[in-house]
Structures are given as structure tokens and as C-alpha cells.
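Heads up, the thing below is written out as C-alpha cells.
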Amino acid sequence: MLFISWWLSSIFGAMLMAYYVTFWRPEPTYNKFALLTFFWSAISSINCVHISQFFLTVERVIVMKSSNSSYNQKILLTLCIFVNVVSSISIGILFLANFNPNDDEKYEIRMPIQSVIDRKSYLILYYMTNGVSIITLLASLYSLILFRKTVITTEIVFTKVQNTIKYTIWVDIWFDFLPQILTVGLTLPKLVTTFHDKDTFTLYKADLTRKKVKEFLETPKRDIPSSDGFQWWIQYFPAGDRKKARDHLSLYLVVNRPVKAKFTFAIDNSSIKRTESYDFYDVSESFGWHQFQSHGMLMPHWRNDKLTITCTVEFYVKTLATSFKPCLFRSCDHVPTDFELVMKKGTVSTHKSFLSMLSPVFHAMFSHDTAESKSGKVKITDFDYSTVKATIDFCYGRELGEFSINLVINILRFADKYDIKAVAQLEQIPPLNLSTITFCPIVKFAYDCNKEDLMAQCCSFFKDHQVELKIDGKFTQFPPTFVVHLLKRAFDLKTDFDVLRHANKNDIKIVDYFKSTFLNEISGANFCLAVNYAWDCSQDDLKMVCAEYLNSHLEVVKLKELHDLSAKTVRELLKLANNVEHTK
């Protein structure tokens with residue numbers, strides 16, 4: 001039975017894999033029937049493998065606990081076949097009861113099987129399969145313990161077949177136990193913070209007819225505190241988001257970063273409510289129902305031609321590692337403070353000896369007859385109160401409360417200036433939280449403080465997300481010299497003209513800066529590069545400058561680099577230079 005199950009599992013598994021790779025498309029209905037058939041066959045045969053292993057283990061136990069082999073093998077075999085058949089039929093009924101070949105609600109889901117059965121049915125199957133596997137594992141472990149006990153306490157001489165039991169049990173454990181350990185290990189919940197929030201919006205009856213299919217409205221974006229700019233909002237289509245959803249209300253939850261969420265949409269003063277859990281993987285991804293409720297079903301619930309809809313959400317957000325705190329001075333509050341760090345909007349009291357140990361800069365300040373050492377205070381003008389207080393509190397080991405990526409970067413900047421190494425652990429946080437939202441403050445910190453490893457990671461990130469980042473308002477405010485440095489490192493560009501060409505092609509707002517620079521700095525060294533760029537990118541003002549430079553520096557016609565340019569470019573350059581000369 002086990003041998004047959006293994007072969008069936010291999011065959012149906014290979015067929016399912018080939019179907020996924022070669023034939024699977026979510027749209028045609030017949031594909032979904034075929035998918036369900038292959039998936040049911042593969043899962044059922046896998047379960048049969050585990051069930052057969054269990055009954056084989058039971059047989060081993062009976063053999064080891066008996067002094068003879070007078071047990072009824074037919075009963076065990078019958079039970080094995082019966083349980084296998086019941087398990088397979090149960091899975092089939094579960095699938096058929098929840099099979100919907102016309103449901104295109106979840107095309108975007110990364111598991112095609114969830115486009116034909118709902119997630120709850122899939123989870124029932126998942127836990128049932130793992131349950132069978134765990135029961136088999138426990139039986140195998142008991143069999144192994146019993147084998148060792150029998151060998152030690154009796155003088156029974158086992159046959160070669162019986163001795164082989166020990167090794168086959170170990171094989172079972174390796175095949176069953178280790179995958180279970182890996183599965184559990186990989187799916188253990190990470191340290192996350194659960195954020196609860198809700199939002200309410202009003203749907204007007206007139207929007208059902210005034211809005212067209214695919215026209216949507218959005219609620220204002222809501223911020224989640226202490227989450228580094230995480231936002232969520234609701235997107236709704238009064239007339240439906242696609243043709244198949246015509247005359248339905250489509251509702252979606254939208255987030256601006258990957259997150260795990262559980263959310264509920266409910267129409268106030270009615271029983272209409274739908275709940276879903278979903279892992280958002282992409283930036284600005286949405287998930288919900290394209291047919292939340294038909295217009296006809298909404299009719300009894302209108303009040304003054306409007307409906308109030310409430311969305312309640314739970315977000316499971318990975319939080320920054322606030323546990324990275326030194327503890328040496330965590331309990332020194334009983335010692336009076338004797339020094340003050342004075343900022344524009346606040347003062348932080350601390351211990352002079354503590355600062356001296358933390359920072360060589362402060363140590364040097366206190367070791368000499370300085371005004372700060374005499375007065376017991378120092379003015380800090382380039383950092384705000386919250387940054388300085390957070391840094392000192394962190395070094396003391398106190399709780400920081402709200403802990404955003406901007407605060408981390410400000411702490412690291414303060415520590416960089418005063419050479420405070422106690423916060424070095426916080427340097428792990430920026431690279432772990434690189435996103436299109438946090439990129440600008442992180443890359444600026446890496447550049448300003450010469451953090452080469454972090455800068456390399458930022459350049460790699462920028463290379464992959466240039467399109468999203470170039471339209472960020474913070475990015476467009478960077479100094480052109482910084483943008484040039486970033487582009488050169490990210491795309492391995494050699495010259496300023498390579499940067500200019502890349503910026504022009506990708507519409508990055510540093511072209512005007514370069515123009516003003518190059519229009520005044522044409523020389524023999526960069527003349528050919530300027531000509532090549534001016535004609536390739538149709539820069540008329542730079543063409544004119546090149547033509548004027550040629551007229552006043554005729555020796556450049558002998559440059560080899562000029563001869564290497566295309567004949568058309570050289571011809572147009574000479575023609576323009578001639579026209580400029582004759583118009584003087």
C-alpha cells in the first residue's frame with residue numbers, strides 16, 4: 001500500500017507541477033477543473049503515503065511487542081485502505097463544496113489553487129495533512145523507543161527483517177520530522193507589533209449611476225504611529241472595478257508597503273460584513289472584493305440616499321529593534337546629574353563621567369579648562385532636543401517610546417559627530433528598513449557620514465527602484481552634486497557627461513544644473529564628450545556653445561576623439577560653426 005501511494009504521489013505531483021508550469025491560466029474555466037483534479041490527486045496521494053506509513057509503524061509495534069507473528073494482517077490492511085479512502089473522499093468533498101470556477105476575485109494570488117477554492121478550505125487541507133504527518137511521526141518515535149527497550153530488556157534474537165525496522169524508522173523520521181521542523185521554523189511569527197485602526201466613509205446613492213465601471217474614489221490616507229511612514233486607505237468603485245463586477249460595489253484595502261493585515265468591511269446598521277486576512281507583498285498593493293455587494297442588496301440599507309461603511313483593520317507590522325540597548329547605566333538614576341546638554345527647545349541632564357566614557361569628544365572637552373567644563377553645560381545647535389534626548393536615553397538603557405527610522409538616523413548622526421560607539425548596534429537598522437519611503441534619509445546619512453557599506457546598499461536599491469524614487473519630492477530636493485555621486489556609483493558611470501546622458505534619458509532633474517556648468521566649462525578635454533552629448537540628446541544651447549568653442553579653438557579638429565564621432569554629428573557641428581562665424 002505504501003509502495004503504491006509513493007508512486008501515485010510522485011506521478012500526480014509531477015503532473016501538477018507540469019500543469020502549473022505549462023498550461024495554467026486563470027481565465028478559462030476548463031483550466032480550473034483540470035487544476036482541481038490534479039491538485040486533489042496529488043494531495044490525496046501524499047496523505048495516503050503518510051497514512052500508510054502510520055499503519056506500517058503500527059505493524060512494527062505489534063511485531064516488537066509480540067513473541068510471535070500471530071496477528072491479523074488483513075485487519076490492519078483493511079483499516080489502512082479504509083482510512084485512505086475516507087481521507088481522499090473527504091478532501092474531494094471539501095474541494096467540490098467550495099469550488100467556484102467563475103470566481104476571478106483572486107487572480108493575483110500567488111497560489112493558483114486559491115482561485116478555485118477559498119482560503120479557509122485550503123487551510124483546512126493544510127492542517128489536516130500536517131496533522132496526519134505529525135501522528136505518523138509520533139508513532140515512529142514510539143516504535144523506535146520500543147525497539148531500543150526490547151533489545152535491552154529481552155534476549156529475543158530479532159530476524160534480519162526486524163532489525164531493519166530500526167533503520168526504516170530513522171528514514172521515516174528524517175523524511176517526516178525534519179520537514180515539520182523546517183516548516184514550523186520558517187513560519188514562526190516574527191516579532192511584530194499589532195496596530196488596530198478603523199476608518200469610516202460615506203457612499204452616496206448617486207455615485208452608483210454617476211460613476212462608470214473602473215472609476216474609483218479613495219479615502220484620505222491614514223498614518224500608523226511608530227511605523228516609519230506606513231499608511232493605509234480605502235479604494236472603492238461604486239459601479240464596480242471591472243465588467244464582471246458591473247452593478248456591484250467593489251471595496252479594497254490599500255497599503256503603501258508590505259504588511260500582514262486582517263480587515264473587515266461592514267455596512268453600518270446592517271448585517272452585511274466581510275472579513276479577510278492577507279499578506280501584502282508589494283508597494284501600494286490592494287486587496288478586497290470586486291463584488292462586495294450588489295446594488296440590489298444595498299437598496300434596503302440606504303438612509304437619506306447614503307450608506308456608512310466602516311473598515312476595521314489589524315496590521316502586524318515588524319517594528320524596529322528597540323531591544324538594542326546597553327544596560328550599564330540603566331539603574332544609575334539615583335546618582336545626581338552634574339551636566340546639561342542645552343538645545344534650542346530643551347535641556348537634557350546627564351552625568352559628566354558618563355559622557356566622558358561615552359565620547360572621546362566630551363572626554364577631551366572635560367579634560368581641559370574649557371568653558372563647558374566650568375559651567376557644567378554645553379550648547380548644541382545642530383541637533384534638536386528629541387534627537388539628543390533619545391541618544392542619551394538609549395545609552396542609559398531607558399525606553400525610547402516612538403522609534404522611527406528618522407529618529408534612528410538622527411541618533412546615528414549625533415553619535416557620528418561625537419564619536420559615540422555605544423549606539424553602533426543601531427547601524428543594523430537602516431539597511432534592514434530600506435524602502436522607497438525611507439530611502440532618502442538613509443542614503444543622505446550614508447553619504448554625509450561616509451558609511452561605505454550602507455552607501456553601497458543604497459546604490460543597489462536605487463538602481464532597482466529608480467523609477468519610483470526619482471518622483472519622490474525629497475529626492476528632487478537633493479543637491480545636484482549628491483545626485484551625480486549617487487548616479488555614478490549606482491550605474492557605474494565614468495564621466496559627468498555619462499551622468500548627464502543618463503539623467504536626460506530617465507528624466508532626473510539635474511539636467512539644468514549640468515547645462516549651466518558645462519556651458520561655461522567647455523575645454524579641449526571635454527569638447528568631444530560635449531559634442532557627442534549635445535547632438536545625441538538634441539541640446540541646442542550646448543550645440544551653440546560647442547560651435548563657438550570650435551571657431552575659437554580650431555586645433556580641436558585634430559583631436560582623434562572628434563574623428564571617432566559619427567560623420568553626421570561632425571558634419572552638423574562644422575555647418576553650425578560656419579553659420580555662427582558668418583553671422584557675427
How far apart are the C-alpha atoms of D223 and F230, what are their side-chain angles, what is the distance that settles it, and do they pass the side-chain contact (heavy atoms from CB on, under 4.5 Å) test? CA-CA 6 Å; D223 296 305; F230 173 60; over 6 Å; no
Trace of the side-chain contact (heavy atoms from CB on, under 4.5 Å) decision for V254 with Q231: CA-CA 9 Å; V254 190; Q231 294 178 314; over 6 Å; no
Kindly indicate, with the supporting measurements, whether the criterion side-chain contact (heavy atoms from CB on, under 4.5 Å) is fulfilled by F265 and T275. CA-CA 7 Å; F265 281 104; T275 300; over 6 Å; no
Trace of the side-chain contact (heavy atoms from CB on, under 4.5 Å) decision for K198 with V313: CA-CA 6 Å; K198 69 177 180 178; V313 295; 6.0 Å; no
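Annotation: ring pair (Phe, Tyr, Trp, His ring centres under 6.0 Å) contacts of F216 (sequence neighbours excluded): F237. Under the salt bridge (Lys or Arg N to Asp or Glu O under 4.0 Å) criterion, D448 pairs with R413, K444, sequence neighbours left out. Residues meeting the ring pair (Phe, Tyr, Trp, His ring centres under 6.0 Å) test with F461, sequence neighbours left out: F439, H465. For D464, the salt bridge (Lys or Arg N to Asp or Glu O under 4.0 Å) criterion is met by no residue, not counting sequence neighbours.
Contact check on E215 versus R210 returns no salt bridge, with no Lys/Arg side-chain nitrogen under 4.0 Å from an Asp/Glu carboxylate oxygen. Between D498 and K494 there is no salt bridge, since no side-chain nitrogen of the basic residue lies less than 4.0 Å from a carboxylate oxygen of the acidic one. Between K345 and D384 there is no salt bridge, since no side-chain N of the basic residue sits under 4.0 Å from a carboxylate O of the acidic one.
Using a 4.5 Å heavy-atom cutoff, the side chains of F462 and F491 are in contact. Annotation: side chain of L486 is not in contact with side chain of Y447 (no heavy-atom distance under 4.5 Å). Looking at heavy atoms from C-beta onward, F280 lies in side-chain contact with L253 at the 4.5 angstrom threshold. Residues M299 and K205 are in side-chain contact: their nearest non-hydrogen atoms beyond the backbone lie under 4.5 Å apart. At a threshold of 4.5 Å between non-hydrogen side-chain atoms, the residues N450 and M455 do not count as touching. A heavy-atom distance below 4.5 Å is found between the side chains of I442 and C458. W289 places a side-chain heavy atom less than 4.5 Å from the side chain of E276. Proximity of V423 to F394: side-chain heavy atoms (C-beta onward) are separated by under 4.5 Å at one or more points.
Rounding to the nearest 0.5 Å places CG of L203 at 5.5 Å from CG of L307. From T219, atom OG1 reaches atom CZ of F201 across 7.5 Å, with rounding to the nearest 0.5 Å. Once rounded to the nearest 0.5 Å, the distance linking CG of L434 with CD1 of I429 reads 12.5 Å. In this structure, the separation between OG1 on T438 and CZ on R257 is 7.0 Å, given to the nearest 0.5 Å. To the nearest 0.5 Å, atom CG of residue D207 and atom CG of residue L249 are 10.5 Å apart. The NZ atom of K214 lies 7.0 Å from the NZ atom of K243; values are rounded to the nearest 0.5 Å.
Taking the ring centroids of Y252 and F287, they lie at or beyond the 6.0 Å cut-off. Ring to ring, W233 and F263 are not that close: their centroids are 6.0 angstrom or more apart. Checked against a 6.0 Å centroid threshold, the rings of H248 and F292 do not count as neighbours.
Between the side chain of S250 and the backbone N or O of H290, at least one donor-acceptor pair lies under 3.5 Å. A distance-only check finds no donor-acceptor pair linking the side chain of D199 to the backbone of C311 [under 3.5 Å]. Listed for the T387 side chain is no donor-acceptor partner under 3.5 Å among the backbone atoms of F383.
Side chains of W232 and D197: a donor on one and an acceptor on the other come within 3.5 Å. Using modelled atom types, one finds a donor on one side chain and an acceptor on the other under 3.5 Å when comparing T310 with D268. Under the 3.5 Å distance criterion, with hydrogens and angles disregarded, a donor-acceptor pair is assigned to the side chains of Y278 and E285.
The minimum heavy-atom distance between V499 and L493, with the atom names listed, is CA-CD1, 3.7 Å. Taking all atoms of both residues into account, the shortest heavy-atom contact from L208 to P238 is CD2-O, 3.5 Å. Taking each heavy atom of V213 and A239 in turn, the nearest pair found is CG2-O, 3.7 Å.
Listed by first and then second residue, the side chain to side chain donor-acceptor pair (under 3.5 Å) pairs that reach into residues 292-305 come to none, sequence neighbours excluded. Here salt bridge (charged side-chain N to carboxylate O under 4.0 Å, His left out) pairs that include residues 475-489, with residues two or more places apart or in two chains, are E452-R489, K488-D496.
Enclosure of atom CG in N269 is not indicated, since only 12 or fewer non-hydrogen atoms of other residues, nucleotides or ligands lie within 6.0 angstrom. For K389, the NZ atom counts as loosely surrounded, since its 6.0 Å shell holds 12 or fewer non-hydrogen atoms of other residues, nucleotides or ligands.
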